[in-house]
Amino acid sequence: QVQLQESGPGLVKPSQTLFLACTVSGASGPTAFYYWAWIRQPPGKGLEWMGVISYTGSTYYSPSLKSRSSIARGTSKNQFTLQLLSVTPEDTAVYYCAASKALILGATDKSLYGCWGQGTQVTVSS
């Protein structure tokens with residue numbers, strides 16, 4: 001069974017860069033799925049799809065975040081990362097990573113993903 005675990009700094013100051021990692025574990029490991037996504041949920045709001053990276057390295061981003069986002073494979077093949085530039089308090093959210101076998105741009109319905117991490121809280125505050 002594949003499991004995803006997000007990791008990150010927890011607290012980031014405004015204008016700084018947020019860097020998160022998602023570690024993939026389990027018997028199938030990173031070969032079980034083909035697409036690896038980042039999704040976030042600000043306090044009191046719904047889920048927001050941020051972007052996805054494919055097993056070939058292709059990336060797709062939410063238009064509203066494209067200029068500040070970068071999703072990449074980590075240094076380990078069992079990891080992929082999210083970089084968000086110039087964060088503001090509006091970027092405060094629980095950040096999730098998720099995996100799917102099909103490319104589903106913009107999807108926030110958990111049932112569409114084969115695996116979903118527990119989430120990591122990120123607060124942007126000075």
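- Side chains of Ser86 and Ser15 form no contact here, defined as non-hydrogen atoms less than 4.5 Å apart.
- Taken together through direct or relayed side-chain contacts under 4.5 Å among Ile, Leu, Val, Met, Phe, Trp and Tyr, Tyr55 and Leu112 form part of one hydrophobic cluster.
- Considering only heavy atoms from C-beta on, Tyr60 comes within 4.5 Å of Leu103 through its side chain.
- Between Pro9 and Leu20, the closest heavy-atom pair is CD-CD2, 3.9 Å.
- Within the 4.5 Å cutoff, no side-chain heavy atoms of Leu11 are placed close to those of Gln16.
- Atom CD of Gln5 sits about 7.5 Å away from atom OG1 of Thr23, to the nearest 0.5 Å.
- To the nearest 0.5 Å, the span separating OG on Ser70 from CG on Leu85 amounts to 8.0 Å.
- Cluster annotation: Leu105 is connected to Tyr34 through the hydrophobic network of ILVMFWY side chains, with a link wherever side-chain heavy atoms come within less than 4.5 Å.
- Taking both residues in full, the closest heavy atoms of Ala98 and Leu4 are given as CA-CD1, 3.6 Å, listed atom of the first, atom of the second, then distance.
- Annotation: the span from Ser126 atom OG to Lys13 atom NZ amounts to 8.0 Å, rounded to 0.5 Å.
- Residues Val12 and Phe19 have side chains not in contact (no heavy-atom distance under 4.5 Å, counting atoms from C-beta outward).
- Put simply, the side chain of Ile104 does not reach to within 4.5 Å of the side chain of Trp49, judged on heavy atoms.
- Looking at heavy atoms from C-beta onward, Val94 lies out of side-chain contact with Thr120 at the 4.5 angstrom threshold.
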Q: Begin from the C-alpha positions of Cys115 and Phe33 and carry the test side-chain contact (heavy atoms from CB on, under 4.5 Å) through to its verdict.
A: CA-CA 9 Å; Cys115 195; Phe33 297 95; 4.0 Å; yes
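- Looking only at distances, a side-chain donor or acceptor of Tyr113 sits under 3.5 Å from a matching main-chain atom of Ala107.
- Ile71 contributes atom CD1, which lies 10.5 Å from atom SG of Cys97 (distance to the nearest 0.5 angstrom).
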Could you give me the CA-CA distance, side-chain angles and deciding distance for Gln83 and Thr17, then say whether side-chain contact (heavy atoms from CB on, under 4.5 Å) is met?
CA-CA 7 Å; Gln83 182 174 276; Thr17 297; 3.5 Å; yes
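- Ring centroid separation for the pair Tyr96 and Trp38 does not come in under the 6.0 Å cut-off.
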message: Quick one, Arg40 with Asp91, criterion side-chain contact (heavy atoms from CB on, under 4.5 Å). Give me CA distance, side-chain angles, the key distance, then yes/no.
response: CA-CA 9 Å; Arg40 69 181 182 179; Asp91 293 311; 2.8 Å; yes
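- Separating the CE atom in Met50 from the CD1 atom in Ile39 is a distance of 10.0 Å, to the nearest 0.5 Å.
- The side-chain heavy atoms of Val24 and Gln79, taken from C-beta on, include no pair separated by under 4.5 Å.
- Put simply, the side chain of Glu48 reaches to within 4.5 Å of the side chain of Leu65, judged on heavy atoms.
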inquiry  = Go through it in stages, so that I can follow the logic: the residues are Thr92 and Gln121, the test is side-chain contact (heavy atoms from CB on, under 4.5 Å), and I'd like the CA-CA distance, side-chain angles, deciding distance and then a yes or no.
reply    = CA-CA 8 Å; Thr92 294; Gln121 173 70 48; 3.9 Å; yes
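- Enclosure of atom CD in Gln118 is not indicated, since only 12 or fewer non-hydrogen atoms of other residues, nucleotides or ligands lie within 6.0 angstrom.
- Side-chain N/O atoms of Thr123 and Ser125 include no donor and acceptor closer than 3.5 Å.
- Residue Phe80 holds its CZ atom at 12.0 Å from OG of Ser54, rounded to the nearest 0.5 Å.
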